[in-house]
Amino acid sequence: MAHDWEPDVLGPDFAALTIDLGPDPDGEGTVTATLVRHLRSESDADVAAPRPSVLYVHGFTDYFFQAPLATAFADAGYDFYALDLRKCGRSRKPGHTPHFISDLSLYDAELGAALDVIDAAAPGTPVVVAAHSTGGLITALWLDRLRATDPGRHGRVTGQVLNSPWFDLQGAPALRSWGTVLVRTIARVAPYRVLPNRLPGGYGESLHVSAHGEWEYDLDLKPLGGFPVTFGFLAAVRRGHAALHRGIDTGVPSLVLRSARSVLGGPYRPEIDTADTVLDTEQIARWSGCLGNRVTAVPIDGARHDVFLSREEPRAVAYAELSRWLTENTATLSIRRSVEPPPTGSSRVTRDVS
């Protein structure tokens, strides 16, 4: 099937495809997602040769703009794709509440569609899923569901790379517990109500060239202080956390990269440049084992929340760790797995917990 790729805002090395998702289950009109692909250089001698692919998914108050990440995967021998989810980045339309979703499983539609587009472009080639922050939670849960309900599609995915995945809510256990009860209660009656506390702006200021950073991106799509968090969205995330904490199995080997330490919240100050100021890195370390299969967890000294947007030295370390993991797992990642269909009448696939 031919797809209508169009020029992307990132320039001539990228193209974008709109994925029509139809009416919004959450009642905000119609929704689309946007698949972005990195175009191979015409001077590449292997331009016609099929290669494994990467599907990258962003986090909250984010979208795909990290061209160096696409180049890093391309240099490692992967075709690169990135997905702007519904109501996020390129996909947000007038009338949409930024990043709002009532259930993380609704993202299965665009994730599955993106996987199909990639498979149509390079039939039979495997896909590595890469994701950041909330995207790491979304894709891990998706792979767990996919393994249970659609083993054919799941067999296309051979690994995942998670960059500071959001695996728990920050704060003391008592506050997380009672806070979650309150969030879920309000979400049932007022899902679009905004939490009273805005995200701190220090992290955004550490990144963008207009403040203290080196990165250039669209502040309409990724504001310095973040988008408001709604009760409905946070309730969906907390249900996702609960599912992860009970234990899932993505069915593929994982690389989890994170900063070595956290300095949570507050306005910009220099220490924000060398720590995760968004998530608790101890929580990431604690819950990474819940992914199932084989997990390689690597803390990066001096890294930011997005390890690939860190300062030059920790960023280089993060890319080196990525390259090492891809190389060491080439035999697993570069060959699509053969998956037997589930037994007749079965809705789940037996989990391999070895």
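Between the side chain of R86 and the backbone N or O of D24 there is no donor-acceptor pair closer than 3.5 Å. Within the 3.5 Å criterion, the main-chain N or O of V307 finds no donor-acceptor partner in the side chain of H132. Counting only distance, with no hydrogens or angles, the side chain of Q66 and the backbone of L309 share no donor-acceptor pair below 3.5 Å. Of the possible donor and acceptor atoms, none in the side chain of S323 sits under 3.5 Å from a partner among the backbone N and O of A320. Side-chain N or O atoms of T139 include one that pairs as donor or acceptor with a backbone N or O of G135 at under 3.5 Å. The main-chain N or O of L146 is never found under 3.5 Å from a side-chain atom of D150 such that the two would form a donor-acceptor pair. Of the possible polar contacts, one joining the S288 side chain to the I284 backbone as a donor-acceptor pair under 3.5 Å is found. Counting only distance, with no hydrogens or angles, the side chain of H208 and the backbone of Y217 share a donor-acceptor pair below 3.5 Å. With hydrogens and angles ignored, the 3.5 Å screen pairs no side-chain donor or acceptor of T134 with any backbone N or O of G59. Looking at T30, its side chain never comes within 3.5 Å of a backbone N or O of P23 through a donor-acceptor pair.
Annotation: Y63 is in aromatic contact with F65 [ring centroid separation under 6.0 Å]. Residues Y56 and Y81 place their aromatic rings such that the two centres sit no closer than 6.0 Å.
In this structure, CG in L244 is found 8.5 Å from CG in D168, a value given to the nearest 0.5 Å. Put simply, CG on L234 and CZ on R184 are 9.5 Å apart, with the number rounded to the nearest 0.5 Å. Distance CG/L207 to CG/D306: 7.5 Å, rounded to 0.5 Å. The CG atom of D13 sits 10.5 Å away from the CG atom of D8 when rounded to the nearest 0.5 Å. Rounding to the nearest 0.5 Å places CG of D116 at 12.5 Å from CD of E110. One finds the CG atom of L137 at 8.5 Å from the CH2 atom of W166 (value rounded to the nearest 0.5 Å).
Cluster membership for Y203 and V263, using ILVMFWY side-chain heavy atoms within less than 4.5 angstrom, is not shared. In terms of hydrophobic clustering, with Ile, Leu, Val, Met, Phe, Trp and Tyr side chains grouped at heavy-atom distances under 4.5 Å, W287 and L264 are assigned to different clusters. Linking ILVMFWY side-chain heavy atoms closer than 4.5 Å, directly or via other members, places V295 and F167 in a single hydrophobic cluster. By the criterion of side-chain heavy atoms lying less than 4.5 angstrom apart, applied directly or through intervening Ile, Leu, Val, Met, Phe, Trp or Tyr residues, L39 is not grouped with F14; the two fall into different hydrophobic clusters. Hydrophobic cluster membership is shared by V237 and L182, with clusters built from Ile, Leu, Val, Met, Phe, Trp and Tyr side chains linked at under 4.5 angstrom.
With 3.5 Å as the limit, one finds a donor-acceptor pair spanning the side chains of Y268 and D273. The closest side-chain donor-acceptor pair between T18 and R90, if any, does not fall under 3.5 angstrom. Inspection of the K93 and T32 side chains reveals an N or O donor paired with an N or O acceptor under 3.5 Å. Side-chain polar atoms of S164 and S133 form no donor-acceptor pair below 3.5 angstrom.
Looking only at side-chain heavy atoms (C-beta outward), L115 and V127 come within less than 4.5 Å of each other. Two residues are said to be in side-chain contact when any heavy atoms from C-beta on lie closer than 4.5 Å; H212 and I272 fail this criterion. Taking the side chain as every heavy atom from C-beta outward, D276 and R258 never approach each other to under 4.5 Å. Looking only at side-chain heavy atoms (C-beta outward), D26 and Y192 come within less than 4.5 Å of each other. In this structure, the side chains of R147 and H154 come closer than 4.5 Å at one or more pairs of heavy atoms. You'll find the side chain of I118 reaches within 4.5 Å of the side chain of L55, heavy atoms only. Looking only at side-chain heavy atoms (C-beta outward), T277 and H305 stay at 4.5 Å or farther from each other. Put simply, the side chain of N329 does not reach to within 4.5 Å of the side chain of L255, judged on heavy atoms.
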Applying side-chain contact (heavy atoms from CB on, under 4.5 Å) to I101 and I138, what does each step give before you reach the verdict? CA-CA 11 Å; I101 199 89; I138 291 167; over 6 Å; no
Run the numbers on S262 and E282 for side chain to side chain donor-acceptor pair (under 3.5 Å), then give the verdict. CA-CA 8 Å; S262 292; E282 292 184 2; over 6 Å; no
Working for side-chain contact (heavy atoms from CB on, under 4.5 Å), residues T250 and L141: CA-CA 7 Å; T250 64; L141 295 172; over 6 Å; no
Given ring-ring contact (aromatic ring centres under 6.0 Å, His included), test H58 with F64 step by step and report yes or no. CA-CA 6 Å; H58 59 83; F64 174 66; 9.5 Å; no
Take V54 and D79, measure what side-chain contact (heavy atoms from CB on, under 4.5 Å) needs, and give me the verdict at the end. CA-CA 6 Å; V54 170; D79 286 338; over 6 Å; no
When you look at F60 and F233, which way does the ring-ring contact (aromatic ring centres under 6.0 Å, His included) test go after all the steps? CA-CA 10 Å; F60 180 74; F233 168 79; 4.9 Å; yes
Stepwise, does the side chain to side chain donor-acceptor pair (under 3.5 Å) test hold for S53 with R37? CA-CA 10 Å; S53 299; R37 69 174 180 181; over 6 Å; no
Check step by step if side-chain contact (heavy atoms from CB on, under 4.5 Å) holds for F73 and L322. CA-CA 9 Å; F73 275 109; L322 172 64; 3.9 Å; yes
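For the pair R145 and L104, the tightest heavy-atom approach, listed with the atom from each and the gap, is NH2-O, 4.0 Å. Of all heavy-atom pairs between R238 and T180, the closest is NE-OG1, 2.8 Å. For P68 against W215, the heavy-atom pair with the smallest separation is CG-CZ3, 4.1 Å. What you find for P191 and T230 is that their closest heavy atoms are O-CB, 3.5 Å. When all heavy atoms are compared, the tightest approach of A235 to A187 is CB-CB, 3.6 Å. Taking every heavy atom of both residues into account, L106 and S102 meet most closely at CD1-OG, 3.8 Å.
Between R336 and D119 there is a salt bridge, with a side-chain nitrogen of the basic residue lying less than 4.0 Å from a carboxylate oxygen of the acidic one. A salt bridge does not link R315 with E312: every distance from a Lys NZ or Arg NE/NH1/NH2 to an Asp or Glu carboxylate oxygen is 4.0 Å or more. The pair E205-R269 fails the salt-bridge criterion, with no side-chain N (NZ, NE, NH1 or NH2) lying under 4.0 Å from an Asp/Glu carboxylate O.
Evaluated for a side chain to side chain contact (heavy atoms under 4.5 Å, CB included) with L143, the options N293, D249, V157 yield exactly one hit, V157.
A 6.0 Å sphere centred on CD of E271 holds more than 12 heavy atoms belonging to other residues, nucleotides or ligands. Open room surrounds CD on E313; 12 or fewer heavy atoms of other groups in view lie less than 6.0 Å from it.
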